[in-house]
Amino acid sequence: MKKVSIIDVAREAGVSVSTVSLVLRQKGKISEATIEKVHAAINTLGYVHNVAAANLRANTSNLIGLILRDFSDSFSIKVMASVVQELEKQGYMVFLGQPQNDGEHLERCLLSFKQQGVAGVIYLSSDTQHAHLPEQIRQCPLPLVAVSQSFLDEPCNLVLRDNRQAANLATRYLIERGHRNIAYIGGQENCLIREQRLLGFRSAMSQYGLINRDEFAPACSDDTRAAGLATRHLLEKNNTITALLCHSPDAMIGSISGIHQVGRTVGKDVFLTQQVALVGFEDMLHVNLTSPSFTYVSSASEETGRQAAGLMMRKLKEPDLQTQRITLSGQLIARESA
């Protein structure tokens, strides 16, 4: 069976080969009627466009390298899905890499990207303890967009999550509903996300003339048992606390255990002293299958992915585009826990 060529498509559609080429590359000013004729000819003949060969001839690429360090991080997974969806809408494909470390593995990943001819790199950072990117990423010669949950002090294209705003929003929400003794549970001492959220938390408390107490922000390891113990100890020593900001899904689950251990329940009624209101920082569908459903400040993960993909595409079209830093704020979703 003879292989269908672009010449056959042009003959079937009654247009020139260059017109078919422009339609396939989505370039030039082509009328909708002509585009429809070309696509109809492609469908009739069963023509398959060899994108790799076309890119090679034009010295371009429709591949974007995407580096994801931590597949267990729900925020990064949601961002990745959004990035892929957005890039595919624009005719790009994603080449995924998951280096096990920031040394040799990351270097091999970037080399593989170069060998595959990717046009640019999107790096999803999972490091919450350092404000700098790995040296290999910083020296990447390709167009680069970095995505991070915490603050990064880097002169590159960045899409960041505004942790300070999220905690400030959550705290003001609780204060405006009558809570005066509010605590923050979870996160390790050296976690940048925790540091930024505590700034927002304490800023809101001060704004309303409330006292900030260091003992009302216990740090703990990132697991439910540690969060449960921290919550129990905190409530045993301070039974006037009526609301908790929970650093992570594990902190939220652990806090529920700690609340129950001291004979209290989860709820939004500030006038029932046995109830403790809970607010988290991302949607936890696996937890919200139970009652009560949890109030949270959204992580803006889908929008983060869209912004990262859009920034990469703008950079590819305009190589001299000025470096941009996009900071995204979350929205508070009020449910039953606060």
Side-chain angles (χ1 to χ4, degrees), residues 75 128 149-151 160-189 191-220 222 227 230-235 237-256 258-259 264-284 287-288 292-301 327-338:
F75 175 79
T128 62
Q149 296 189 64
S150 57
F151 173 79
L160 304 170
R161 184 177 177 180
D162 194 339
N163 296 295
R164 181 168 181 166
Q165 175 270 345
N168 188 276
L169 176 63
T171 307
R172 286 190 285 110
Y173 172 82
L174 291 169
I175 294 171
E176 289 166 4
R177 274 146 190 80
H179 296 279
R180 294 297 178 265
N181 294 293
I182 305 167
Y184 186 100
I185 291 287
Q188 298 183 46
E189 286 285 2
C191 175
L192 294 176
I193 295 176
R194 171 184 160 84
E195 290 179 8
Q196 292 156 16
R197 286 186 184 153
L198 284 178
L199 288 173
F201 167 59
R202 288 167 176 158
S203 172
M205 294 288 283
S206 298
Q207 181 184 347
Y208 283 82
L210 300 176
I211 298 172
N212 282 299
R213 302 176 183 173
D214 290 340
E215 65 268 27
F216 276 26
C220 65
D222 296 320
T231 302
R232 190 189 78 193
H233 292 156
L234 180 67
L235 295 180
K237 294 178 181 178
N238 306 276
N239 61 8
T240 59
I241 291 174
T242 59
L244 300 176
L245 297 183
C246 300
H247 177 79
S248 65
D250 284 340
M252 178 76 87
I253 297 169
S255 292
I256 298 169
I259 289 168
R264 299 175 71 175
T265 58
V266 176
K268 62 172 69 176
D269 195 338
V270 70
F271 299 107
L272 295 177
T273 56
Q274 79 272 19
Q275 288 199 339
V276 180
L278 295 181
V279 178
F281 291 97
E282 59 184 281
D283 193 8
M284 298 179 292
V287 178
N288 281 331
S293 58
F294 292 100
T295 297
Y296 68 97
V297 179
S298 68
S299 62
S301 52
T327 304
L328 297 175
S329 301
Q331 292 183 317
L332 192 136
I333 311 298
R335 291 180 174 168
E336 296 169 346
S337 70

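Both backbone and side-chain heavy atoms feed into the values below; hydrogens, waters and symmetry mates do not.
Between the CZ atom in Phe216 and the CG atom in Leu198 there is a gap of 14.0 Å [rounded to 0.5 Å]. To the nearest 0.5 Å, the span separating OG on Ser248 from CD on Glu282 amounts to 8.0 Å. Rounding to the nearest 0.5 angstrom, the gap separating the CD1 atom in Ile185 from the SG atom in Cys246 is 7.0 Å. We find the CG-CZ distance between Leu169 and Phe281 to be 9.0 Å, quoted to the nearest 0.5 Å. Between the CG atom in Asn168 and the CZ atom in Arg202 there is a gap of 13.5 Å [rounded to 0.5 Å]. Rounded to the nearest 0.5 Å, atoms CD (Gln196) and OG1 (Thr128) are 9.5 Å apart.
Between Gln275 and Val266 the shortest side-chain heavy-atom distance does not fall below 4.5 Å.
Not one N or O on the side chain of Thr327 forms a donor-acceptor pair closer than 3.5 Å with the backbone of Leu160. Panel note: side chain Asn163, backbone Gln149; a donor-acceptor pair is recorded below 3.5 Å. The backbone N or O of Ser293 lies less than 3.5 Å from a partner atom in the side chain of Glu336, making a donor-acceptor pair. Side-chain N or O atoms of Thr295 include one that pairs as donor or acceptor with a backbone N or O of Arg335 at under 3.5 Å. Panel note: side chain Ser337, backbone Leu278; a donor-acceptor pair is recorded below 3.5 Å. A donor-acceptor pair is defined here as one N or O able to donate and one able to accept, closer than 3.5 Å; no such pair exists between the side chain of Gln165 and the backbone of Gly200.
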Step-by-step side-chain hydrogen bond (donor to acceptor under 3.5 Å, both in side chains) determination, Asn238 to Glu215: CA-CA 9 Å; Asn238 306 276; Glu215 65 268 27; 5.9 Å; no
Worked check of side chain to side chain contact (heavy atoms under 4.5 Å, CB included) between Val276 and Leu244: CA-CA 7 Å; Val276 180; Leu244 300 176; 3.9 Å; yes
Residues Arg161, Leu328; criterion side chain to side chain contact (heavy atoms under 4.5 Å, CB included); working and verdict: CA-CA 5 Å; Arg161 184 177 177 180; Leu328 297 175; over 6 Å; no
Test log, rule side chain to side chain contact (heavy atoms under 4.5 Å, CB included), inputs Thr171 and Met205: CA-CA 7 Å; Thr171 307; Met205 294 288 283; 4.0 Å; yes
Side chain to side chain contact (heavy atoms under 4.5 Å, CB included) assessment of Thr240 paired with Arg180: CA-CA 9 Å; Thr240 59; Arg180 294 297 178 265; over 6 Å; no
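Arg164 is linked by a salt bridge (charged side-chain N to carboxylate O under 4.0 Å, His left out) to nothing, counting only residues two or more places apart in sequence or in another chain. Remark: Ser206 engages Asn212 in a side-chain hydrogen bond (donor to acceptor under 3.5 Å, both in side chains) (not counting sequence neighbours). For Arg172, there are no salt bridge (charged side-chain N to carboxylate O under 4.0 Å, His left out) partners, not counting sequence neighbours.
Looking at every heavy atom in both residues, Asp222 comes nearest to Gly187 through OD1-CA, 4.0 Å. Nearest heavy-atom pair, His179 versus Lys268, reported as atom, atom and distance to 0.1 Å: NE2-O, 4.2 Å. Considering all non-hydrogen atoms of both residues, Val279 and Tyr296 come closest at CG1-CA, 4.2 Å. Between Leu192 and Ser150 the shortest heavy-atom distance is CB-CB, 3.8 Å. Shortest non-hydrogen contact noted between Ala338 and Tyr173 is O-OH, 2.9 Å. Closest approach of Ile182 and Ile175 over heavy atoms only: CD1-CG1, 3.7 Å.
In this structure, Arg197 forms no cation-pi arrangement with Tyr184, as its terminal cationic atom is not both closer than 6.0 Å to the ring centre and no more than 45° off the ring axis.
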